[in-house]
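To keep things clear, I will list the structure first and then write my remarks on it.
Just so it is clear: chains get the letters A, B, ... in the order the sequence lines come, proteins before strands, and each one is counted from 1. Values below: all heavy atoms of this structure, side chains included; hydrogens, waters and symmetry mates excluded.
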Amino acid sequence: MEKMSVAQARRPESIGQEVQLQGWVRTRRDSKAGFSFVEINDGSCQGNLQVIMEGSLPNYESEIKRLTTGSSLSLVGLIKASPAKGQTTEVQAQQVTVYGIADADSYPLQKKQHSFEFLRTIAHLRPRTNTFGAVARVRNRVCRSIHDFFQEEGFLYVHTPIITASDCEGAGAMFQVTTLKLDAVPKDEEEQIDYSLDFFARRSYLTVSGQLEGESYACALGKIYTFGPTFRAENSNTSRHLAEFWMVEPEMAFFELADNMDLAERFVKRLFRDVLDHCPEEMEFFRERIDKETVDRLRGIVDSQFVRLTYTEAVTILEKSGQKFEFPVHWGTDLQAEHERYLTEQHFKRPVILYDYPASIKPFYMRLNDDERTVRAMDVLVPGVGEIIGGSQREERLDVLQRRMEQQGLSPEDYWWYLDLRRFGTVPHAGFGLGLERAVQFITGMGNIRDVIPFPRTPGSADF
RNA sequence: UCCCCGAUAGCUCAGUCGGUAGAGCAAGCGGCUGUUAACCGCUGGGUCGUAGGUUCGAGUCCUACUCGGGGAGCCA
């Protein structure tokens with residue numbers, strides 16, 4: 001007997017086939033006329049499959065009448081056109097095997113809406129809900145599109161290390177990795193921790209970015225991208241931050257800032273277009289249940305040009321806006337969330353790429369402009385979520401890079417290999433980072449980033 | 001880390017002026033039905049987050065703590 005997915009069985013072209021289906025019960029409705037409607041889902045699509053289970057089945061009273069939400073089963077049946085509204089096909093079951101009942105008294109999921117807060121406490125079961133199934137499928141589609149896009153553009157997928165000894169990748173607090181016994185840490189003569197006895201014979205950390213290593217490969221192979229888990233030990237408690245998240249970081253030799261912005265815009269639009277094209281049921285679900293605007297917003301972005309303006313121009317717009325901001329705007333300080341929101345949500349009402357930020361508020365590796373006050377940084381801001389991409393053209397001039405490091409209190413010796421890239425055949429190059437979860441959050445309209453990653457890690461919480 | 005809000009049945013919530021606990025859904029039983037978040041009736045289900053305090057009396061007022069949420073900062 002051929003196995004078939006629920007997704008396939010829901011399509012009209014499957015009518016007339018006799019197949020095996022396996023999945024989990026979403027709901028059961030009994031008819032006293034002597035049969036039951038059982039809706040099953042196997043994760044292959046948003047919708048359920050209605051199965052007719054007749055009272056004449058040998059295990060009808062003993063097992064089928066006891067099927068509860070969450071129970072698992074296998075069945076053999078004939079796919080038919082459904083006579084009633086609500087679905088195009090349905091299955092007439094000929095044989096039903098129950099794998100496992102989900103005891104309704106203790107099974108936490110019911111056929112009703114639960115709060116996301118509650119579902120986070122049962123993260124191992126929440127993928128069985130409509131919302132988390134849809135998020136998982138959209139997340140998968142976005143990941144596939146990330147690879148498709150870069151592979152089609154001739155990029156090489158490079159794996160940068162998860163464990164790093166660069167103690168300042170320039171992107172925030174790091175998790176330390178150690179095999180030292182924390183209750184008996186070895187000390188040297190000066191009572192300092194003796195890291196020569198640690199696993200890597202020096203302090204090591206979980207990566208906060210693969211950028212520096214990515215530059216190494218871009219400066220040999222041209223266009224590369226990394227895509228993997230990233231860790232930040234910041235004590236951030238917001239709906240947009242995770243301690244462990246996934247980041248895509250392309251890095252391109254012979255790219256200047258304008259090339260970088262072009263690529264970022266093409267990239268983001270491709271992700272959005274692919275989800276609209278390939279996940280219509282999921283997006284319709286999000287439009288109905290999560291965020292009415294999300295589909296229209298994505299369509300609008302795919303068809304429109306991103307606004308590009310310099311930091312200096314943005315400050316001028318904000319100053320002239322007449323808006324009362326909690327924090328007043330002035331040149332030289334970073335824009336606050338309220339300022340970015342005003343630009344994307346009220347002034348332009350679409351994504352905005354800001355570039356040429358003051359050098360004083362950006363890291364050492366961003367290329368200094370001729371005005372000596374600004375660097376070739378760019379942020380892609382979207383309505384609702386805010387910063388979705390951050391990137392820059394990198395400083396390729398050895399002397400300028402060394403000067404900038406010293407200004408920021410970093411010792412060039414620690415970055416000897418990074419500086420080698422400028423010593424030997426340096427080239428203009430650029431890159432950016434896109435937070436996967438921020439992208440999925442924006443696409444789906446989900447309000448909390450903890451609900452677009454399967455098992456979220458946040459301060460004080462690493463359950464499951 | 002800072003500011004604000006919350007914690008009551010398995011879930012989602014209501015609970016008036018401080019007077020001893022309620023609904024919907026879920027569950028069990030019964031009824032009805034090609035149903036589709038099915039529907040109707042009945043039944044069971046509670047240390048009101050924890051620890052103190054005020055009071056004749058606290059779910060309700062006060063304090064601390066724990067956990068959760070929203071916002072800010074940091075950023076992706």
Side-chain angles (χ1 to χ4, degrees), chain A residues 26-39 47-54 66 68-70 80 82-87 90 92 102-122 129-130 169-173 208-211 227 229-249 264 288-289 325-327 333-338 340-341 361-363 379-382 385-391 432-442 447-453 458-461 463:
Chain A
R26 283 297 177 80
T27 175
R28 188 194 88 225
R29 295 179 293 274
D30 297 329
S31 167
K32 278 292 177 337
F35 61 97
S36 297
F37 299 96
V38 177
E39 284 191 37
N48 301 329
L49 181 65
Q50 176 164 284
V51 182
I52 313 303
M53 300 192 186
E54 295 287 354
R66 293 180 186 168
T68 50
T69 301
K80 308 196 301 188
S82 180
K85 283 181 181 170
Q87 59 278 318
E90 64 183 32
Q92 185 77 36
D103 174 40
D105 282 333
S106 47
Y107 186 59
L109 292 174
Q110 298 164 7
K111 47 180 185 181
K112 55 167 275 192
Q113 283 199 336
H114 295 279
S115 68
F116 292 137
E117 293 81 10
F118 170 67
L119 291 173
R120 269 172 229 149
T121 68
I122 50 167
T129 64
N130 289 329
E169 289 177 334
V208 294
S209 164
Q211 180 198 317
F227 181 24
T230 308
F231 307 87
R232 303 275 168 93
E234 305 284 357
N235 190 10
S236 297
N237 294 288
T238 82
S239 54
R240 298 179 304 283
H241 290 84
L242 291 165
E244 177 184 300
F245 65 100
W246 283 61
M247 187 155 64
V248 191
E249 293 178 285
E288 269 181 18
R289 299 291 188 87
F325 294 113
E326 190 186 344
F327 298 93
T333 58
D334 217 349
L335 299 182
Q336 305 287 317
E338 57 176 340
E340 298 181 350
R341 289 194 109 93
I361 57 170
K362 290 293 182 182
D379 282 354
V380 180
L381 311 175
V382 293
V385 173
E387 184 178 345
I388 195 171
I389 280 179
F432 61 81
L434 170 118
L436 174 67
E437 287 76 15
R438 294 237 177 124
V440 175
Q441 210 184 343
F442 180 72
N448 195 313
I449 200 165
R450 288 161 214 187
D451 299 325
V452 296
I453 189 168
T458 52
S461 173
D463 294 335

Exercise for review: Indicate, with a heavy-atom threshold strictly under 4.0 Å, whether A:Arg28 touches base, sugar-phosphate, or nothing.
Suggested key: nothing
Practice item. Let me know the distance between CZ of A:Phe116 and C1' of B:rU12, rounded to the nearest Å. Key: 14 Å
**Study point:** Base-contact (B) and sugar-phosphate-only (S) positions in nucleotides 42-47 of chain B, heavy-atom cut-off under 4.0 Å, - elsewhere
**Key:** ------
Check your understanding: With both distances kept under 3.5 Å, what pairs with B:rC42, Watson-Crick or G-U wobble?
Key -> B:rG28
Practice item. Compare the minimum distances between each of B:rG70, B:rA72, B:rC75 and the side chain of A:Ser239, then state the nucleotide with the smallest one. Key: B:rG70
Practice item. Sort out the partner of B:rU47 for me: Watson-Crick or G-U wobble, both distances under 3.5 Å, none otherwise. Key: none
Check your understanding: Taking atom CG of A:Asn448 and atom CZ of A:Arg120, what is their separation to the nearest 0.5 Å?
Key -> 4.0 Å
Check your understanding: When you check the gap from the basic side-chain N to the acidic O, do A:Arg29 and A:Glu39 get nearer than 4.0 Å?
Key -> yes
Check your understanding: Contact class for A:Leu109 vs. all strands (heavy atom < 4.0 Å): base, sugar-phosphate, or nothing?
Key -> nothing
Exercise for review: State plainly whether the residues A:Lys362 and A:Asp379 are in salt-bridge range, i.e. N to O under 4.0 Å.
Suggested key: yes
Check your understanding: Does A:His114 get its side chain close enough to the base of B:rC11, under 3.5 Å, for a donor-acceptor pair?
Key -> no
Exercise for review: Ignoring hydrogens and angles, answer whether the base of B:rA76 and the side-chain atoms of A:Arg240 contain a donor-acceptor pair closer than 3.5 Å.
Suggested key: no
Review point. Base, backbone or nothing for each nucleotide of nucleotides 25-36 of chain B, written B, S, -, heavy atoms under 4.0 angstrom, 5' to 3'?
Key: BSS----BBBBB
Review point. Within this structure, what is the CG-to-P distance between A:Asn237 and B:rG69, rounded to whole angstrom?
Key: 9 Å
Point to revise | Counter-base of B:rU60, judged by Watson-Crick or G-U geometry with both distances under 3.5 Å | key: none
Could you run down the sub-3.5 Å N/O contacts of the protein with nucleotides 6-8 of chain B?
none

Study note, to complete from the structure: When both distances are under 3.5 Å in a Watson-Crick or G-U wobble arrangement, the nucleotide paired with B:rG73 is none
Practice item. Pick the P atom in B:rG24 and in B:rA64, then give their distance to the nearest Å. Key: 39 Å
Review point. How far, in whole Å, is B:rA21 from B:rU47 if one measures between their P atoms?
Key: 13 Å
Point to revise | Side-chain donor/acceptor contact of A:Ser236 with base of B:rC74 under 3.5 Å | key: yes
**Study point:** Assigned partner base of B:rG6, Watson-Crick or wobble definition, under 3.5 Å
**Key:** B:rC67
Practice item. For B:rG52 and B:rA37, measure between their P atoms and round to the nearest Å. Key: 49 Å
**Study point:** Approximate separation, where rounding is to 0.5 Å, of A:Glu244 CD and A:Glu437 CD
**Key:** 9.0 Å
Check your understanding: With a 3.5 Å cut-off and no angle check, do the side chains of A:Ser82 and A:Gln50 form a donor-acceptor pair?
Key -> no
Review point. So what does A:Phe118 touch, heavy atoms closer than 4.0 Å: a base, only the sugar-phosphate, or nothing?
Key: sugar-phosphate
Point to revise | Separation of B:rA76 P from A:Phe227 CZ (nearest whole Å) | key: 16 Å
Review point. A:Ala337 near the nucleic acid: base, sugar-phosphate alone, or nothing, with a heavy-atom cut-off under 4.0 Å?
Key: sugar-phosphate
**Study point:** Pairwise C1' distance, B:rC13 and B:rC17 [rounded to whole Å]
**Key:** 23 Å
Point to revise | Heavy-atom pair of closest approach, residues A:Glu387 and A:Arg438 | key: O-NH1, 2.9 Å
Study note, to complete from the structure: Taking a pair to mean Watson-Crick or G-U wobble geometry with both distances below 3.5 Å, B:rG22 pairs with B:rC13
Check your understanding: Using the C1' atom in both, what is the distance from B:rA14 to B:rU8, to the nearest Å?
Key -> 10 Å
